[in-house]
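Reading through the structure tokens given below for one structure.
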Amino acid sequence: MKMSDQTLEQIRTQLKRVNRAGGFYAKKLAGVDPDDIRSQEDFQRLPFSEKSDLRDAYPLGLAAVPEEEIVRIHSSSGTTGVPVIIPYTKKDVDDWALLFHRCYEIAGLTKKDRIHITPGYGLWTAGIGFQLGAERLGAMALPMGPGNTDKQIQFMKDMRSTVLCATSSYALLLAEEIEKRGCKSEICLRKGIIGSERWGEKMRHRIAGELGVELYDIYGLTEVYGPGIAINCEYNTGMHYFDDYLYFEIINSKTGENLEDGELGELVITTLQKEGAPLIRYRTHDLTRIIPDDTPCPCGRRYPRIDVILGRTDDMVKVKGVNIFPGQIDDILKTIPDASSEYQVFIDHEHGKDRITVFVETAVVDAEEQKQHFEKTLKDAIKSAINITVVPKAVALGELPRSEKKSTRIFDYRY
Ligand code: ZN
């Protein structure tokens with residue numbers, strides 16, 4: 001997608017802002033004169049930034065405004081223990097609410113909706129973003145937070161929640177629980193806004209079917225406001241994102257080179273209006289593609305689109321010379337009638353060789369013959385799709401752990 005003159009202008013303004021602030025980016029971009037960035041090609045020569053850079057700026061090295069303008073911080077946790085701190089100005093908080101409000105409108109929510117918010121509140125950005133958007137829309141927010149399934153279902157019934165906001169795995173857990181309790185007729189949900197992570201069509205169908213809702217994928221990350229920066233519309237042609245606030249690029253995650261629209265790669269985000277902690281060419285490690293705009297979305301919205309998130313570049317593991325990532329396994333399971341949406345892949349060593357064990361939940365585990373047939377079908381399907389041999393394991397429905405946060409599908413225990 002051609003970068004517009006307006007975007008270039010916004011980027012120069014952001015570059016000047018971070019220069020003046022003298023923090024992390026002023027050092028990273030030392031020697032770059034913002035006025036020299038005159039084209040998309042000039043911009044694409046700027047260095048990327050990584051989560052590890054942000055961590056090195058701990059605690060407030062990312063701040064690009066004087067401290068008195070910072071009204072809030074959020075934080076994303078890292079695996080290394082040092083968190084990333086993102087400062088927000090008043091405008092950043094307002095802008096985030098505005099973006100979230102747009103997401104809700106695209107999903108067809110109105111002020112008559114009752115929005116049941118299960119993501120967590122606190123340093124993590126999730127819950128409060130759903131809340132801000134709901135209040136700006138004028139809907140009724142139910143700030144549930146995660147956990148306590150009994151109370152969730154009680155409120156859903158008594159408060160007649162119409163919209164469920166959740167991760168895909170928590171939505172599934174609630175759907176299963178409602179099914180188990182046989183109380184579906186008392187549930188008034190009509191839509192689900194699900195934090196975008198890779199989740200297969202099977203899981204989508206189960207949640208949609210069991211809850212009787214239309215589902216929307218909402219995308220975002222703490223470093224860039226939080227959730228609420230992209231969402232699919234009713235035509236489900238990818239997620240619309242807001243190019244007046246954010247500039248998206250797709251790169252080859254190995255070489256860093258920019259890819260054409262339509263090609264699958266790593267999403268890189270530049271913020272265009274953020275004050276507290278602007279980000280320049282920030283690598284998200286999320287795998288997606290920009291949907292070419294030669295086929296506009298039938299909804300008529302002018303916001304460009306990215307595909308749903310197909311996985312993480314970090315989840316992509318190389319086994320026996322083959323790259324595997326969760327999206328492929330989802331696609332394979334779709335072709336196997338008895339397979340549910342839930343699976344986990346374990347990779348370890350056996351006698352010095354990589355061993356890949358694939359656990360899949362299915363209803364056919366009780367009958368030995370059917371179970372063996374299922375496992376053979378699974379093994380053959382994976383072999384024919386990605387040419388690797390796995391150890392197939394059928395497990396009972398509900399046996400694999402469900403989580404309230406993002407679910408991990410591939411566990412690499414090789415040393
Ligand atoms: Zn659309």
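First listed ligand is number 1; within each ligand, the first listed atom is number 1.
- A donor-acceptor distance shorter than 3.5 angstrom exists from the side chain of S75 to the backbone of V84, with no hydrogens or angles considered.
- Within the protein, the N, O or S atoms lying under 2.8 Å from the Zn ion (ligand 1) are C233 SG, H240 NE2, C297 SG, C299 SG.
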Verify side-chain contact (heavy atoms from CB on, under 4.5 Å) between L272 and I11, making sure each step is shown before the conclusion.
CA-CA 6 Å; L272 301 176; I11 285 171; 3.6 Å; yes

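- Other residues, nucleotides and ligands contribute more than 12 heavy atoms inside 6.0 Å of the NZ atom of K91.
- Residues D286 and Y219 bring a donor and an acceptor atom of their side chains to less than 3.5 Å of each other.
- A side-chain N or O of Q131 and one of E135 form a donor-acceptor pair less than 3.5 Å apart.
- Checking E249 against Y247 by side-chain atom types alone, no donor-acceptor pair falls below 3.5 Å.
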